[in-house]
Protein chains: 2
Amino acid sequence: MKLGAIEAGGTKFVLAVGNEEGEILEKKVIPTEHPSITMPAVIDFFRGKDIERLGIGSFGPIDVNADSDFYGQLQKTPKTEWVDYPLGKELQDHLLVPVIIDTDVNVAAMSEAKWGEAKDVDSCLYITVGTGIGAGAYIKGETFRGLSHPEMGHIPVRRHADDDYAGGCPYHGDCLEGMAAGPHIEKRWGRPAEELVDRKEVWEMEAYYLAQALVNYIYIISPERIILGGGVMKQKQLFPMIRTMVLELLNGYVSSPYLTEDTIDKYIVSPGLTDEAGVKGALYLAMGSRM
Amino acid sequence: MKLGAIEAGGTKFVLAVGNEEGEILEKKVIPTEHPSITMPAVIDFFRGKDIERLGIGSFGPIDVNADSDFYGQLQKTPKTEWVDYPLGKELQDHLLVPVIIDTDVNVAAMSEAKWGEAKDVDSCLYITVGTGIGAGAYIKGETFRGLSHPEMGHIPVRRHADDDYAGGCPYHGDCLEGMAAGPHIEKRWGRPAEELVDRKEVWEMEAYYLAQALVNYIYIISPERIILGGGVMKQKQLFPMIRTMVLELLNGYVSSPYLTEDTIDKYIVSPGLTDEAGVKGALYLAMGSRM
């Protein structure tokens, strides 16, 4: 049986055909443009490939409630040309196969739990810090959804004492994403991140915001591993800063062998998978299993 | 078959014997004192009552990992005489029955999901605002635990512009609990809450902190109902203030029929159960089911 998989991201769509063993047989990457340009290319890729199901890990917010009339429909995404776009239905109507949709970060968390940095534990949180900030949780065999899928990137954060950047989230101003996503690092400091690599204060401020978020996630979800990915996290100097600040903020309150100076580098980690994580997770969704 | 149930709270222990139908046959309330006083009374109550299992909903932090060597042991609780006390093991050793332990707030969330305000939905969050602040989540048939049980009362919050109270959490100073738990309302305003009922600024400040916390929980867990209990929430004027501030803070970002001006009074609610919720939940734990 052949299966289709899509990692639908804000900048690119990764399209793949795979099999039930989770192997990817064929792959193509196309840029994310207006749906009228991107979607015909997506449909064209899958047409005639005989896939029996299609799994999608998508940017959001998106309706991930399989019982909803709007399942697979994008919501108030900052990518305005995709607002209210019925991604799942469009693909189902054109390809005539069942479509299973989850968020990109949920799918990444699932991939890391299955094959990556969290394969030895029962729960993990995957956070991406890039043009936006999002997180997905995978807990005891399921991605995590309630009323809607989580929107962990938009939590309120305390302002750093030396920070006078107003914040750039169109909905919340100075929420986590508005203060710490890649574009706001650049706007705050007036130059691209590549030119800021050696400025310690830039990354200490960034770590301050991200550590606050992690402390929230630890208190609220208590995941057994935290994986930090996305473009901003390629600045590897952030990891030790974040780990130190998380321990400072927790101040010994949560008793866990993971949360000590000697062990936290195995608790807050980089992704174990390459850029294929998203599409492999989407293939796993298509396999119809929840792991 | 007879079953034992304990709601182990910071001020009182509720002890009960019930049956497999969830009926309570006998009940006793004793004050929470030093373990050397409280525990013999607990053991004495259950001795000779022929219970076959014992369920406990306990204050915390407490080890709730059934695979741990320290399962049922209290941790760094502010009730210092109970720190490291092996509550589960002590009862198991004396009563010679299997003991199942979860946190008081998890058990309350389970009770509300089974019999109370959340019986029509798949997930809920129960928050108690009293001498401390704690929360439990019940999601698709299970209480929610990862690395440890959640400690949602200790998340960082943004300070209200008019608030110069330092905060009173021994671990974090001005975290949510340090700013918004009952004793800190009294310390901030210099008088007991009963004498502050008519002062709008008191409750607006309180609502500001609690609304921030709820927004965090909504973004991170996305529960289908939020139940606010505990002594402070007897100030019913808090509910409309909290609801309004939650909608303001979310600013329309989460699309849900629950999160509108017309519907939020059915989303953020008072507990549906009386004071028996804790002990009924503990009985349910003893029944060995996870609902």
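All chains are named by letter (A, B, ...) in the order of the sequence lines, taking the proteins before the strands, and each is independently numbered beginning at 1.
With a 6.0 Å radius and a threshold of 12 heavy atoms from other residues, nucleotides or ligands, Phe70(A) has its CZ atom at or below the threshold. Few gaps surround NZ on Lys79(A); more than 12 heavy atoms of other groups in view lie less than 6.0 Å from it.
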| task | Take His172(A) and Tyr253(B) through the side-chain hydrogen bond (donor to acceptor under 3.5 Å, both in side chains) test and state the conclusion after the steps. | result | CA-CA 9 Å; His172(A) 314 108; Tyr253(B) 190 70; over 6 Å; no
| request: Carefully, step by step, assess Ile139(A) and Glu142(B) under the rule side-chain contact (heavy atoms from CB on, under 4.5 Å). | output: CA-CA 11 Å; Ile139(A) 296 168; Glu142(B) 292 224 33; over 6 Å; no
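By number of non-hydrogen pairs under 4.5 angstrom with chain A, the leading residue of Ile220(B), Ile155(B), Val157(B), Leu250(B) is Ile220(B). With chain A as the partner, the residue from Arg225(B), His154(B), Lys76(B) showing the most heavy-atom pairs under 4.5 Å is His154(B).
Here the side chains of Pro156(B) and Leu249(A) are not in contact, with every heavy-atom distance at 4.5 Å or above.
Put simply, CE on Met152(B) and CD1 on Ile221(A) are 8.5 Å apart, with the number rounded to the nearest 0.5 Å.
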Counting only pairs under 3.5 Å, give me each side-chain donor-acceptor contact of residues 124-136 of chain B, with atom names and distances, residues two or more places apart or in other chains.
none

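Neither the backbone nor the side chain of Asp122(B) comes within contact range of chain A; no heavy atoms are under 4.5 Å apart.
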